[in-house]
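First up is the structure itself, then whatever we jot down about it.
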Amino acid sequence: MNNLIALIPAFPFLGFLLLFLIGRQLPKPFIAWIGAGTVCAAAVLVLLLGIQFLQAPPADGAYTQTLWQWLSTGHFSCAFRFRIDALSLVFVFVITFVGALIHLYSVAFMKEDRDYARFFASMNLFVFAMLVLVMADNLLLLYLGWEGVGLCSYLLIGFWYETPANCRAANKAFYITRIGDTAMAIGLFLLFKELGTLTIPDILNASPTHFQQGASNTTLIALLLLAGGMGKSAQLPLQTWLPDAMAGPSPVSALIHAATMVTAGVYLIARMHVVFQLSPLAMAATAVVGGLTLLVAGFSAMVQTDIKRILAYSTISQIGYMFLALGVGAWSAAIFHFFTHAFFKALLFLAAGVVIESLHHEHNIFRMGGLKNRLPLVFKTFLAGAAALAALPFVSSGFYSKDQILWYTWSAGGGSPVLWMLGISGALITAFYTARLVIVVFYGEMKTPVSTYPAKLMTVPLVILAVLSVVAGFVEWPHNILHLSLFSELVQKVLPATILRTGIPSEIVFQGIAILLTLTGIYSGYYLYYRNTHVIGQWQQKPAFVAVRNFFFSGWGFDRLYNTVFVKPFVWMTDLNKTDFFDQINKGLASGSRQLNRWFSYSQNGSLRWYVAGVLVGVLFILTLQLFV
Amino acid sequence: MPFNSQTVLIVAAILFALGLVGVLTRKNIIFILISVEIMLNAAGLAFVAAGMRWGQPDGQIMFLFVLAMAAAEVSVGLALVLQAHHQYRSLDIDQMKALKDEVPG
Amino acid sequence: MILVVMISILLVAGFFCWLLAQWNVSMVKWISLSAVAIDFLLTCFILWQHSVTPLLNSPAWLVEYRADWIPSFGISFHLAADGLSLLLLLLCFFLGLLAVACSWNEIHQRTGFYYFNLLWTLAGIAGVFVALDLFLFYFFWEVMLVPMYFLIAIWGDNNRRYAAYKFFIFTQAGGLLMLLAILALYFIHGAQTGTYSYDYFSLLSTTLSPTASRWIMMGFLLAFVIKLPAVPFHNWLPDAHSEAPTAGSLILAGLLLKTGAYGIIRFVVPLFPQAAAAIAGWAMLFGVIGIVYGALMAFAQTDIKRLIAYTSVSHMGFVLLGIFSFREIALQGVVMQMITHGISTGALFLLAGMLKERLHTRDIAQMGGLWTSMPAMGGMALVFVMASLGLPLLGNFIGEFLVLLGAFPANGPLAIIATLGFVFSALYSLRLMQRVFLGPLTIETPLRDLNARELATMIALVISIVLLGIYPQPVLDLVRPTVMQLVEGASVATR
Amino acid sequence: MDGTQFYGLLPFMLLAIASIVVILLIAFRQSHTVIQVVGFLMMCVVIAAMWYVRDRLPVVITPLFIVDGYAALFTGLIVFSVLIVGLLSYIYFEEREENPKEYYILLFLSTLGAAILTISRHFISFFIGLELLSVSLYALIAYLRTRNNAVEAGIKYLVLAAVTSGFLLFGMALIYMETGSMDFTVIAQKSDRWSSVPFITGIGLMVVAIGFKLALVPFHIWAADVYQGAPSPVTSFIATVSKIGVFSVLLRFGLSIQLQTNTTLLYVFSAIAIASMIAGNILALQQKNIKRLLAYSSIAHLGYLMVAFLPGDNAGVEAAVFYLLAYSITILAAFGIVTLLSSSNQDAEDLELYRGLFRSRPVMALVLTVAMLSLAGIPLTAGFIGKFMVLTTGVHVGLWLPVSVLVVTSVMGIYYYLRIITTLFTDAPAAVSTGKSLHPFFYMATYTTLVVLIVLLIVIGVFPNIVIENIRQFLRLG
Amino acid sequence: MPVLFYIASVVAIISTLMVITRYQPIHALLYLVVSFLAMAMIFLSLGAPFVAILEIILYAGAIIVLLIFVVMMLNLGKDTALQERQWLQPKTWVGPSILCLVLLTELVILLFRSPEVPMQVKPVPMRAVSIALYKEYVIAVELAGFLLMAGIVGAAHISKHRKKHLHRFLQEEAKGPQRRAEKLTMIREKESTEAVLPAEKKPVKKT
């Protein structure tokens with residue numbers, strides 16, 4: 001098996017190559033086969049690998065395979081080497097499995113599109129890059145994947161490039177993530193300067209001895225890596241790109257902007273946990289960023305009207321939970337939430353895609369409604385996903401993962417009541433907007449007629465994901481209910497176990513509060529949007545409410561802020577100097593010479609007397625020189 | 001009142017300068033030629049004086065050559081004057097300004 | 001001897017092109033193509049010859065040729081190539097092939113003279129890369145200017161004369177300063193040893209007083225940074241690049257700029273290690289200024305070729321930064337950057353040329369949505385746009401990453417600012433992509449996608465840039481001896 | 001005069017005889033062609049004689065002359081230039097209204113004057129040579145007396161030359177007064193010469209005349225007008241022969257009295273060199289008349305040449321000879337094109353006439369292009385090696401200011417040389433359509449000569465060693 | 001002897017001053033004769049009788065006669081005098097004169113920087129001059145012959161003019177006052193056609 005892990009990314013890459021080079025000449029079924037088939041093949045491989053890994057774990061906890069020496073110069077050396085340990089395995093599994101489902105879904109979803117081949121080529125490239133990211137043995141290779149997924153994200157957000165808004169969204173996504181990437185690159189340089197290596201195991205081994213606890217350079221490195229993660233995972237203050245990224249096709253949103261790429265930041269931090277652990281400040285920062293993000297995004301999600309934007313903000317919010325968990329040291333909890341979130345958020349996006357597709361590309365939830373009976377299957381699956389998102393107690397995977405995080409935010413080593421407060425209020429908000437979403441879209445009267453019904457190939461992935469959204473959480477139970485911790489046992493082969501603070505009240509209290517708040521949230525959604533819909537209408541008469549709503553709606557005004565503070569001055573400045581003021585120096589020299597030429601030309605006026613005077617002046621010059629030298 | 005070499009040179013220099021003033025101030029080409037002759041003559045004087053100072057004939061010989069040169073010069077010069085008079089109907093040096101730089105704008 | 005053969009093939013073929021153009025134009029094209037191809041194969045042959053024996057153990061100078069030229073001044077015809085030179089020769093002939101290919105249908109007037117100039121420019125550049133006699137170096141340095149001038153001034157765009165003058169005058173100014181510096185070095189060396197020689201190896205042993213060393217080095221450096229170009233000497237570049245014909249831009253960006261970088265590596269640092277170390281900080285600063293400034297300028301441009309030209313300014317900033325950090329990694333990165341920038345920017349200019357051929361404009365405001373009609377070109381453009389913004393997997397990233405990695409220990413703050421260049425490069429690159437290929441289609445007339453010749457050219461470039469991105473090790477190994485020498489020299493000097 | 005002296009002076013006698021032969025030919029009413037051919041042969045004979053007497057050098061004819069390798073080099077250069085000028089003259093004058101025959105008398109007389117300058121070692125021979133050169137030139141410049149402002153140019157040149165000759169004589173007289181001799185070597189032996197102010201003043205006044213002949217700033221203002229007004233072959237003659245002759249005597253005088261050891265004079269010459277380089281190049285920048293442009297360019301070039309004069313050592317002499325050689329070939333080629341393109345009623349002066357020449361007459365355009373590149377000092381041409389050698393001498397003795405000015409102004413100069421080249425390549429119907437096909441043989445000969453000149457330029461540019469070695473060998477002779 | 005020298009010098013300077021200030025060319029030439037005669041006296045006072053005689057014969061004789069001949073031939077009279085009178089305003093001559101004065105002052109200062117050497121007036125015999133002339137400097141004398149030949153040939157060529165041409169020119173003149181520049185261009189056009197036609201070439205079309 002050791003020699004086969006390279007095949008996992010190789011399959012999608014092969015698919016990409018074929019589609020990129022000759023895709024336009026192929027008929028659509030062929031494209032579908034190549035595009036979806038390669039990812040499915042990878043998924044199968046991963047399944048086999050996973051089974052083997054669980055049954056007979058490798059000696060050093062990881063499978064590795066070196067393809068070739070990539071770079072070797074001086075004391076810097078880097079290879080194309082893949083490495084799968086437990087952490088990677090989780091990610092690889094999610095990527096290939098969810099990826100395969102989404103590819104299958106896309107085969108039907110994108111059927112009518114002209115650029116079928118380009119779509120699958122980009123998707124395959126994305127899967128390849130994402131796999132490289134999580135399977136990388138060194139940070140340079142990781143960075144390769146990291147940038148690769150950014151590229152694919154760019155390509156797929158701007159997939160329908162004829163619309164300028166889509167291109168703008170794509171560019172915005174790339175620019176903002178690039179800021180994070182650049183910070184991360186600086187982090188890599190710093191890390192290399194300190195440790196002389198970028199190989200992940202070496203870093204993990206060397207860090208505790210090389211760095212001192214809380215030393216400034218450690219903190220700096222960790223913060224820079226965090227910044228990288230913030231960009232890619234759309235955390236405050238680099239979160240503004242993700243809502244706009246919904247311009248891409250729904251499968252793209254599902255795969256890239258919900259399930260996989262946006263969690264790369266989580267992976268990076270988890271991967272570099274040793275460095276982070278050495279810096280309490282960085283840990284705290286991670287937690288605070290996560291906590292703030294989940295609230296900010298949650299508030300925005302409450303008032304959105306575009307179904308995909310709601311989901312986008314909820315994604316930001318959920319990743320905020322993961323960051324929060326990472327920040328308090330609840331490593332496995334974060335990964336677990338990633339695991340469940342991947343399923344239910346992919347499901348939600350795919351279902352949303354079906355809804356949108358069925359309603360003539362209608363995105364506004366208030367022009368939907370009453371779909372419960374028209375699209376029953378979609379409704380049921382969507383409900384499963386929504387339940388997980390809202391963390392409906394016991395019957396949803398989201399409950400298990402989120403509950404764990406909430407518990408640890410109070411009790412883990414880095415936890416604190418404040419962080420817990422952030423998390424728990426986020427839970428309330430999440431429940432509220434989830435309820436709002438489901439109720440507005442599926443209940444009430446129908447506002448737009450359903451035009452098309454989803455194909456089989458689209459519903460099957462929905463069902464599979466719905467099942468997973470429910471059952472995926474069962475691998476890990478709260479300690480006080482059922483002592484089952486399959487997931488954290490697996491992950492803790494790589495990540496440290498969460499250390500609890502002492503003197504914590506019983507867990508049951510927190511669970512109770514969480515459940516209570518979730519239900520409250522769901523009920524208030526139900527109350528406001530189903531029972532007493534006029535309440536909202538009354539509120540909307542009040543300017544203060546409208547102002548607050550608009551503020552949340554615009555994503556807390558971040559876009560406008562960045563526009564005025566960064567974008568406009570930048571464009572103004574570059575435009576001002578478009579002609580390059582250095583050129584003025586040269587032009588000045590040239591025109592100066594011309595002016596001199598003009599002056600000198602006046603001396604050539606054709607008058608003999610003047611010429612003799614010139615000679616005379618020359619003589620005087622020579623004689624004067626002799627007089628005074 | 002004895003005189004020394006410098007005195008002679010100064011007389012030559014004064015004549016030389018006068019010739020130069022003539023070249024510089026006169027408008028008529030004939031006058032300019034005359035002034036040139038004065039200058040050459042002044043230089044010849046300086047030579048003769050220098051030869052005398054050392055008691056050598058070389059200064060005088062040089063004067064001879066200056067004379068020859070002045071003659072050749074004047075002959076060509078006067079030929080040019082004639083030609084100029086035919087072409088320009090005037091000996092005004094200021095009318096001969098066709099050759100000059102056109103100052104670029 | 002093989003080096004002499006290479007250069008003379010180009011020169012002679014150039015002559016034939018000129019003479020034969022009267023009779024048969026297509027033969028001219030084939031002659032020039034085959035001349036460059038032969039040179040390309042010869043370079044490959046040398047490389048192959050030396051890859052049979054492990055490179056690390058062989059002497060640094062793999063090929064050498066030496067003959068007297070003007071013995072009365074101690075000038076010899078001394079050509080030699082080490083790994084670096086061979087690599088650059090390879091690049092030179094590779095891009096030369098592409099230049100011939102891309103001119104195939106573009107040039108209709110005075111074809112013979114065009115190819116004469118093209119080949120002579122290549123010959124001059126090849127000469128610069130292998131000349132080891134300073135006089136000879138200067139000779140080649142200037143020889144490549146005149147044909148290049150003609151390429152711009154005759155076959156260029158509307159504002160070609162201005163651009164050509166500017167190009168020539170800038171580079172000539174630098175060149176003459178370098179000549180002064182060479183002479184000063186020659187006399188100092190002669191006074192010390194009694195033998196007057198322009199030979200690189202003899203001059204290496206010159207001991208210079210700090211002041212003399214500084215001044216002489218400045219002469220060299222100025223010539224090279226003008227060619228590189230570093231801000232604030234870069235103004236010739238946007239004009240020259242944008243007005244030149246496609247092949248001209250390709251050669252300018254792909255090769256001519258490299259001669260500046262090559263000069264710094266080959267002459268400035270080894271000849272004046274102390275002085276170079278003394279100004280390293282400033283040089284790196286100028287490199288960083290170039291990175292940022294070039295990127296900002298590129299962002300503001302609306303002329304596609306000008307935009308690409310300014311990206312060159314930005315990318316060459318990395319070269320300056322890398323060289324003057326005197327770290328092995330950074331220097332390896334510099335070499336990578338030189339090669340990959342040649343390929344990627346060359347490719348972008350090729351694309352710009354193709355666009356110009358089809359749309360008759362260079363204004364990106366008049367383009368848009370071209371992907372719809374020309375998906376193949378769009379795909380190719382995407383690859384090179386990504387290369388220029390430093391996407392891993394493509395060659396440029398390796399260069400920039402290594403430079404920054406190496407420069408980081410040398411000067412952290414500057415390296416950090418340079419890294420911000422990643423963000424700026426994304427800004428201009430994507431802007432280019434979006435304005436040209438994305439967005440709604442603005443041009444009604446049907447456009448022809450890449451034809452077979454163009455596609456072949458582009459694929460060759462794509463393959464090379466990807467190969468360099470995923471397997472750059474041969475390049476690194478090839479230049480290691482040169483780089484090691486440089487680093488040792490510099491470390492001795494700074495000790 | 002003994003045998004050796006006779007042999008030494010043989011080439012110069014032959015030169016003198018050439019002019020008399022022409023007079024005789026005119027007396028016997030021979031045609032232009034005959035005169036041209038005979039003149040050409042005579043010049044060849046002079047060169048042959050020079051080669052023949054080479055082994056007997058140096059020959060001193062006290063007190064006036066010394067015929068040494070140095071003189072042989074410069075005379076060779078002068079006669080070579082005259083050969084080309086003569087060739088150009090044929091096609092130029094054959095089609096014009098003037099009787100071209102006297103022209104050759106004057107041409108050979110002024111050549112004799114220039115040649116005399118190269119062998120002068122005495123003020124009298126210096127003066128006579130200079131005046132022989134000048135007086136013939138007055139007539140040559142105004143030769144086409146009814147047109148092209150020839151009279152104006154002639155008068156300007158005559159008056160200025162006479163005035164500056166006055167200064168020369170006055171200066172010589174001062175020196176003679178101080179030293180008691182007019183012989184260069186005797187003057188050099190006066191050990192207290194540098195402490196004598198009138199002596200230095202005398203040299204300063206002599207510089208006026210020399211500067212005038214070499215068109216150095218500030219005595220340069222005549223150059224453009226005279227270049228423009230004179231017939232093209234005469235212009236090329238002024239640009240080459242007259243300058244070579246005068247420069248050779250300046251160099252000989254400077255070297256023999258060790259002029260360069262005096263700071264004041266060094267300042268004077270440096271200032272003149274610098275001013276010439278700057279003014280020449282600036283004046284040429286936007287000039288649209290090619291003859292005027294070449295005049296300004298020659299001012300600049302003589303400025304460069306002065307940089308080689310400043311060190312006053314052997315390397316400087318070598319550099320100067322080489323530079324003059326390269327410069328003469330180039331200028332002759334350039335004026336050759338001007339002559340070829342001149343119609344029977346108008347010299348091809350306006351740069352506009354050269355538009356699109358590459359299209360209509362590629363060979364001519366090529367010749368002019370290479371000539372311009374050589375003037376600009378671009379490698380592969382002799383001009384580059386010349387400039388390189390001048391720079392070398394300058395750097396060697398650390399003349400940093402003149403050398404830097406040289407570099408900066410050459411960069412400036414490139415602009416106008418390129419301007420000419422660009423004009424040639426600009427697409428436009430060539431306005432020149434002279435349709436001259438009267439003397440195919442002479443046209444072909446001229447063409448061939450120009451091409452040979454250009455080839456020579458390139459060959460010397462690529463393999464300068466042969467030339468440099470030969471120059472050294474000649475200089476070693478005496 | 002010094003007295004003679006001083007008197008002659010003063011006469012020479014004053015008459016030269018008169019030369020350059022006269023309006024009538026003929027007056028100036030007469031003053032020039034005086035100046036040359038005074039110069040001859042200076043030569044005599046210096047002990048160079050040979051040169052003094054040459055000065056009178058050649059300068060005051062031949063050259064002046066040549067000049068007078070030209071003045072008469074061109075009939076330079078009142079018009080020229082008027083032109084000169086109008087021209088020679090202080091504003092035209094003050095500047096150049098000051099410059100020349102500066103030159104003179106500088107020359108004098110420089111000359112006085114060397115120690116004074118009394119002039120030993122010991123006449124060089126004419127015989128010595130002749131011997132030197134025909135022994136050491138004989139080649140120079142021969143060259144002087146060539147110099148004069150150049151002068152003669154040049155003067156002969158330049159002063160030639162065609163009758164027809166002059167005639168046409170005068171015709172032009174008769175037509176009334178025209179601006180000189182226009183005239184000149186017309187003349188040139190004529191000349192060029194004339195130049196071509198007599199040689200039986202077909203008229204070249206003007207470009």
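A note on names: the letters A, B, ... follow the listed sequences, proteins ahead of strands, and every chain is numbered from 1. No experiment lies behind these values; they were computed from the predicted model shown.
With chain B as partner, the option from E:Leu99, E:Val141, E:Val71, E:Ile42 having the largest number of non-hydrogen pairs under 4.5 angstrom is E:Val141. Contact count against chain B (heavy-atom pairs under 4.5 Å) is highest for E:Ala132 among E:Gly154, E:Ala132, E:Ala150, E:Gly145. The candidate from E:Leu107, E:Leu66, E:Val10 with the greatest count of non-hydrogen atom pairs under 4.5 Å with chain B is E:Leu66. Your options are B:Leu91, B:Leu33, B:Leu9, B:Val11, and the one with the most heavy-atom pairs under 4.5 Å with chain E is B:Val11. When each of E:Leu133, E:Thr92, E:Leu147 is checked for heavy-atom pairs under 4.5 Å with chain B, E:Leu133 comes out on top. Contact tally against chain B (heavy-atom pairs below 4.5 Å) for E:Met149, E:Glu136, E:Met126, E:Gln83: the top residue is E:Gln83. Ranked by heavy-atom pairs under 4.5 Å with chain B, the list E:Val153, E:Leu88, E:Val108 is led by E:Leu88. Counting heavy-atom pairs closer than 4.5 Å to chain E, the top residue among B:Leu18, B:Val23, B:Ile10 is B:Leu18.
In this structure, the separation between CG on B:Leu40 and CD1 on E:Ile63 is 9.0 Å, given to the nearest 0.5 Å. The NE2 atom of B:His85 sits 9.0 Å away from atom CD1 of B:Ile30, with the distance rounded to the nearest 0.5 Å. Distance check: B:Ile61 CD1 to E:Tyr134 OH gives 10.0 Å after rounding to the nearest 0.5 Å. To the nearest 0.5 Å, atom CG of residue E:Leu82 and atom OH of residue E:Tyr23 are 10.5 Å apart. Here CG of E:Leu32 is found 8.0 Å from CD of B:Glu37. Values are rounded to the nearest 0.5 Å. E:Ser130 OG to E:Lys135 NZ: the interatomic distance, rounded to the nearest 0.5 Å, is 13.5 Å.
Using cut-offs of 30° and 60° on the angle between ring planes, the pair B:Phe63 and E:Phe43 is perpendicular.
With a 4.5 angstrom heavy-atom cutoff, E:Ala140 touches chain B via backbone and side-chain atoms both. For chain B, the nearby part of E:Leu103 is the side chain; its heavy atoms alone come within less than 4.5 Å. B:Glu73 does not touch chain E: none of its heavy atoms, backbone or side chain, sits under 4.5 Å away. No part of E:Phe69 comes within reach of chain B, as not one of its non-hydrogen atoms sits under 4.5 angstrom from that chain. Looking at B:Asp94, only its side chain comes within 4.5 Å of chain E, counting heavy atoms on both sides. With a 4.5 angstrom heavy-atom cutoff, B:Ser35 touches chain E only via side-chain atoms. In this structure, chain B has no heavy atom under 4.5 Å from any part of E:Ser35. Both the backbone and the side chain of B:Leu45 come within contact range of chain E, judged by heavy atoms closer than 4.5 Å. Contact annotation for E:Val70: only side-chain heavy atoms (C-beta onward) come within less than 4.5 Å of a heavy atom of chain B.
Shown are B:Ile29, B:Val76, B:Asn28; of these, the side chain to side chain contact (heavy atoms under 4.5 Å, CB included) with B:Val81 is made only by B:Ile29.
Under the 4.5 Å side-chain criterion, counting only non-hydrogen atoms from C-beta, B:Ile34 is in contact with E:Val19. Using a 4.5 Å cut-off on side-chain heavy atoms (C-beta onward), B:Val48 and B:Met62 make no contact.
Of the possible polar contacts, none joining the B:Arg26 side chain to the B:Gly22 backbone as a donor-acceptor pair under 3.5 Å is found.
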